[in-house]
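Worksheet for the structure shown next.
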Amino acid sequence: MQDVELLEEGLALMGLGMGFVFVFLTVLVITTTLMSLVIRRFAPEPAKPAAAPRPPAPASQDDELMAVIGAALHRYRQRHRR
């Protein structure tokens, strides 16, 4: 075989392979889209959970928490000074 024939055969094989992959991926996308449409049509809608209102935290807890965090930061900064 000559180099030109080998090159032509390689390009033909490459085109065939790329064409097969393109067709396969196109069929895959179409199939996935159709399955999604079918499932969306026949599947029941999920039940929405009832939103239970949470009582707000008392302000005294927030103040205490802020004081504890402030003290921890102050101690950390004192110990890790360079």
Item checked: Residue pair Val38 / Met35, side-chain heavy-atom distance below 4.5 Å ->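 Side chain of Val38 against side chain of Met35, heavy atoms only: no contact under 4.5 Å found.
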
Output a table of donor-acceptor pairs, distance under 3.5 Å, between side-chain atoms of residues 22-31 and any protein atom two or more places apart or on a different chain; print 'none' if there are none.
| from | atom 1 | to | atom 2 | distance (Å) |
| --- | --- | --- | --- | --- |
| Thr26 | OG1 | Phe22 | O | 2.8 |
| Thr31 | OG1 | Val27 | O | 2.7 |

Margin query: Can you confirm whether Gln2 is buried at CD, in the sense that more than 12 heavy atoms of other residues, nucleotides or ligands lie under 6.0 Å from that atom?
Written below: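 No, the 6.0 Å shell around CD holds no more than 12 heavy atoms from other groups.
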
For the atom pair [atom1] ([X]) and [atom2] ([Y]), what is the distance rounded to the nearest 0.5 Å?
| X | Y | atom1 | atom2 | result |
| --- | --- | --- | --- | --- |
| Met66 | Asp63 | CE | CG | 8.5 Å |
| Leu13 | Glu8 | CG | CD | 13.5 Å |
| Leu6 | Leu11 | CG | CG | 11.0 Å |
| His80 | Arg77 | NE2 | CZ | 12.5 Å |
| Leu7 | Glu9 | CG | CD | 10.5 Å |

